[in-house]
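Contents: one structure, followed by commentary.
Note that ligands are numbered from 1 as they come in the structure, with each ligand's atoms numbered from 1 the same way.
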Amino acid sequence: MLASLGRVHLRRPRSYRMANSPGGVLPRLAAAWRALTATAAPAAPSPPTGAATPSVAADAAAGGTVGVKRLNHVAVAVPDLAAATAFYRDVLGAAVSAPAAQAAHGVTTVFVGLGNTQLELLSPLGAESPIANFLARRPGGGIHHVCVEVGDLPAAVAVLRDRGVRMLAEEIKVGAHGKGVMFLHPADCGGVLLELEQA
Ligand SMILES: C[C@@H](C(=O)O)C(=O)SCCNC(=O)CCNC(=O)[C@H](O)C(C)(C)COP(=O)(O)OP(=O)(O)OC[C@H]1O[C@@H](n2cnc3c(N)ncnc32)[C@H](O)[C@@H]1OP(=O)(O)O
């Protein structure tokens, strides 16, 4: 109806009335928009791209971050180093290093090249090897630790100590790559034995 009692009523098209009826598409779109805008979280900042933290030492002083960088290696404790080396070299076709005794760490290591990272095969060396208990509990071997690089290891250790993360050595030691390393207690790192290595 276009007019009634002297007043002009403009009637909307039937398609609009259907869309705007209860349960129609317009009220549903409006409800969806209200729900979206009420719950939408602010956009998360982009993840770091791997660039070094400008000053980890400054961060440490400010209670900041460690500035963790790339994965260096995943270590696998093995009961038979020769057999494990042969498996990675001859069966999987990976390049493997010669075994190297790491007397200061109580292990013998073989590195397995994987292109984007490496595996470190670990075998006990000496009676006091820190992997002896691990292998006693898992005679077949298993993933022992994860090693990530940091730009400034002493500063990273300071940050972590400040945050109550337990170090597994008093001082930074020289690791398998001739660089400083520090192990962090697995109970403070989500059950993972974490090794930090100077990049
Ligand atoms: C050459 C160098 C390099 O890469 O440069 C290396 O690789 S040297 C690689 C070898 N060196 C290291 O691993 C040095 C750091 N490791 C350590 O200080 C030790 O091995 C600990 C990780 C503290 C474990 O000491 P220990 O065997 O005497 O104690 P434990 O057997 O009673 O274990 C204490 C608690 O830690 C847990 N735990 C032990 N080893 C673990 C591991 N590899 N990953 C995750 N959790 C582990 C146990 O389940 C237990 O948890 P619950 O209390 O919940 O039962």
Practice task
Indicate yes or no for a side-chain donor-acceptor contact from Arg163 to the backbone of Gly64 under 3.5 Å, with no hydrogens or angles considered.
Solution key: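 Yes; at least one donor-acceptor contact below 3.5 Å.
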Can you confirm whether some protein heavy atom lies under 4.0 Å from [atom], or whether none does?
| atom | value |
| --- | --- |
| atom 31 (O) of ligand 1 | yes |
| atom 13 (O) of ligand 1 | yes |
| atom 51 (O) of ligand 1 | no |
| atom 54 (O) of ligand 1 | no |
| atom 10 (C) of ligand 1 | yes |
| atom 45 (C) of ligand 1 | yes |

For [X] against [Y], the heavy-atom pair lying closest together:
| X | Y | answer |
| --- | --- | --- |
| Pro154 | Gln198 | CD-OE1, 4.1 Å |
| Ala104 | Lys173 | O-NZ, 3.5 Å |
| Ser123 | Ile131 | C-CD1, 3.6 Å |

With respect to [X], determine whether any N or O atom, backbone or side chain, lies less than 3.5 Å from an N or O atom of ligand 1.
| X | result |
| --- | --- |
| His105 | no |
| Arg137 | yes |
| His144 | yes |

Exercise for the section: Work out whether the distance between some heavy atom of His177 and some atom of ligand 1 is less than 4.0 Å. Expected result: no
Completion exercise
Looking only at non-hydrogen atoms, the one of Pro186, Ser129, Gly178 nearest atom 47 (C) of ligand 1 is Pro186
Problem - Heavy-atom nearest option to atom 6 (C) of ligand 1, drawn from Phe134, Phe183, Phe111 - result: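 Among Phe134, Phe183, Phe111, the closest heavy atom to atom 6 (C) of ligand 1 comes from Phe183.
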Practice task
Enter the distance from Leu160:CG to Leu153:CG here, rounded to the nearest 0.5 Å.
Solution key: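 Reported to 0.5 Å precision, the distance equals 9.5 Å.
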Problem - Atom pair OG1/CG of Thr85 and Asp90 - distance to nearest 0.5 Å - result: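 Thr85 OG1 to Asp90 CG: 9.5 Å, rounded to 0.5 Å.
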Starting from [atom], which protein heavy atom do you reach first, and at what distance in Å?
| atom | result |
| --- | --- |
| atom 19 (C) of ligand 1 | Pro130 O, 4.4 Å |
| atom 17 (C) of ligand 1 | Leu168 CD1, 3.9 Å |
| atom 29 (O) of ligand 1 | Asn133 ND2, 4.0 Å |
| atom 5 (O) of ligand 1 | Ala176 N, 2.8 Å |
| atom 35 (C) of ligand 1 | His185 CE1, 4.7 Å |

Suppose I only count heavy atoms of [X] and a 4.0 Å limit; which atoms of ligand 1 are within that range?
| X | answer |
| --- | --- |
| Leu122 | 7 (O) |
| Gly191 | 45 (C), 46 (N) |
| His73 | 4 (O) |
| Gly175 | 5 (O) |

Can you find a pair of side-chain heavy atoms, one from [X] and one from [Y], that are under 4.5 Å apart?
| X | Y | answer |
| --- | --- | --- |
| Phe183 | Leu194 | no |
| Leu81 | Leu121 | yes |
| Leu184 | Leu196 | yes |

Completion exercise
Honestly, for Glu120 the part within reach of ligand 1 (heavy atoms, under 4.0 Å) is side chain
Exercise for the section: May I ask you to identify, for Glu195, whether its side chain, its backbone, both or neither come under 4.0 Å of ligand 1 on a heavy-atom basis? Expected result: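 Answer for Glu195: side chain.
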Do [X] and [Y] have a side chain donor and acceptor closer than 3.5 Å?
| X | Y | value |
| --- | --- | --- |
| His73 | Gln118 | no |
| Glu120 | His144 | no |
| Thr109 | Gln102 | yes |

Handout entry: Pairing of Glu149 and Arg70 as salt bridge, 4.0 angstrom limit
Key =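 Yes, charged N to carboxylate O under 4.0 Å.
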Problem - Over 12 foreign heavy atoms within 6.0 Å of CG, Leu114 - result: yes
